[in-house]
Amino acid sequence: MKVLVAVKRVVDFNVKVRVKADHSGIDLANVKMAMNPFCEIAVEEAVRLKEQGIASEVVVVSVGPGAAQEQLRTALALGADRAVLVETVDELNALAVAKLLKAVADKEQPQLLILGKQAIDSDNNQTGQMLAALGGYAQGTFASKVSVEGGQLLVTREVDGGLQTVVLNLPAVVTTDLRLNEPRYASLPNIMKAKKKPLDTTTPEALSVSTASSNTVVKVEAPASRSAGIKVKSVAELVEKLKNEAKVI
Ligand code: AMP
C-alpha cells in the first residue's frame, strides 16, 4: 500500500505571532517555522504502517515556498521514503491546496492519503475533506486509531458524543487527531540519511492546476488582550462577583 502524506510548513507552535502593522497578515520575518503538529502525527502514522509491513512506500508532499524543503527533509528523517514539493510563493486557500494534492495523487496513485485534521496557522480544517471530495475517496476524519483489515481501513473517529468507528474502502483520506499517536524525534543518523533521499520539485503550472482564490483576507487582527484575573477568598465572594460585577448569573 502506497501512502501519501501532506505536510504543511507553519509558524512553530511555540512562537507568539505578531500581526503586521498594516493588518494584511502575520509578520513572518525571522520567525521560526516548523512542520504543522497534526502533519507530524500523519507522518508518524504512515511510518508505523510501513514498519508493520502494511505500507510499501511513504511519499510526503508539501505545497509552499522553496523553504518547505526543510519540513519535507524532516519528514524524510522521520522515515518517509520520498518527497514532492509543489513550489509556490502564493498564499493558497484550502481548495487550491486540495486541488494540487489531488493532482499529485493522480500521479502517485496512493491507496491511503493522510493529512492533519487542521493546520495551526489557518485553522481551516478543510483540506482533507475537500481532497476526498475532489478525488472521490472515502474519508475518515479526526482519526484517533487506524488499522487495516482485509483490504479495508478501520478508522476510529473522535466525535462529540464519544468514539465512532468507520470502515473505509481504499483509496481513502484520513485526517489525524491529536491522540492518534505520539510522533518520534528524528535521530541524527536519520537526519543525515534524509539528505540523500529523493526530493522532487514541481509547480502548480506543471500540474495544470489553477490556484486562483475566490476569497480574500480583508484584515488580520490580534485578539483583544485580557485584563488580569483576581483570586477570591470564598465561594460566596465568587457568586457575589459573578452576580453583581460580571453580571453573568
Ligand atoms: P487545513 O485544512 O488548512 O486546516 O489543513 C489540514 C491539513 O491539510 C494539514 O494538516 C496538511 O496535512 C494539509 N495541508 C494544508 N495545507 C497544506 C500545504 N500547503 N501543503 C501540504 N499540506 C497541506
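Order of appearance sets the numbers: ligands from 1, and atoms from 1 within every ligand.
- Taking both residues in full, the closest heavy atoms of A77 and N190 are given as O-CB, 3.3 Å, listed atom of the first, atom of the second, then distance.
- Against a heavy-atom cut-off of under 4.0 Å, S62 is close to the following atoms of ligand 1: 20 (N), 21 (C).
- On a distance-only criterion, A119 and ligand 1 share at least one N/O pair closer than 3.5 Å.
- Applying the 4.0 Å criterion to heavy atoms of Q126 picks out, from ligand 1, the atoms 2 (O).
- Taking all atoms of both residues into account, the shortest heavy-atom contact from A80 to V47 is N-CG2, 4.0 Å.
- In terms of heavy atoms, R9 sits closest to S62 at N-OG, 4.3 Å.
- For the pair N36 and ligand 1, the shortest N or O to N or O distance falls below 3.5 Å.
- Checking only distances, L115 never comes within under 3.5 Å of ligand 1, N or O to N or O.
- The shell of residues lying under 4.0 angstrom from ligand 1, judged by heavy atoms, excludes G128.
- Just one residue in the list K197, K2, K50 forms a side chain to side chain donor-acceptor pair (under 3.5 Å) with D81, and that residue is K50.
- Ligand 1 has a nitrogen or oxygen under 3.5 angstrom from a nitrogen or oxygen of G116.
- Residue N124 places at least one N or O, backbone or side chain, under 3.5 Å from an N or O of ligand 1.
- Counting only N and O atoms by type, the side chains of T141 and R157 include a donor and acceptor under 3.5 Å apart.
- Using a 4.0 Å cutoff on heavy atoms, G64 does not count as a contact of ligand 1.
- Counting all heavy atoms, side chain and backbone alike, A105 lies closest to P110 at O-CD, 3.4 Å.
- Of the protein's heavy atoms, V97 CG1, 3.5 Å lies nearest to atom 17 (C) of ligand 1.
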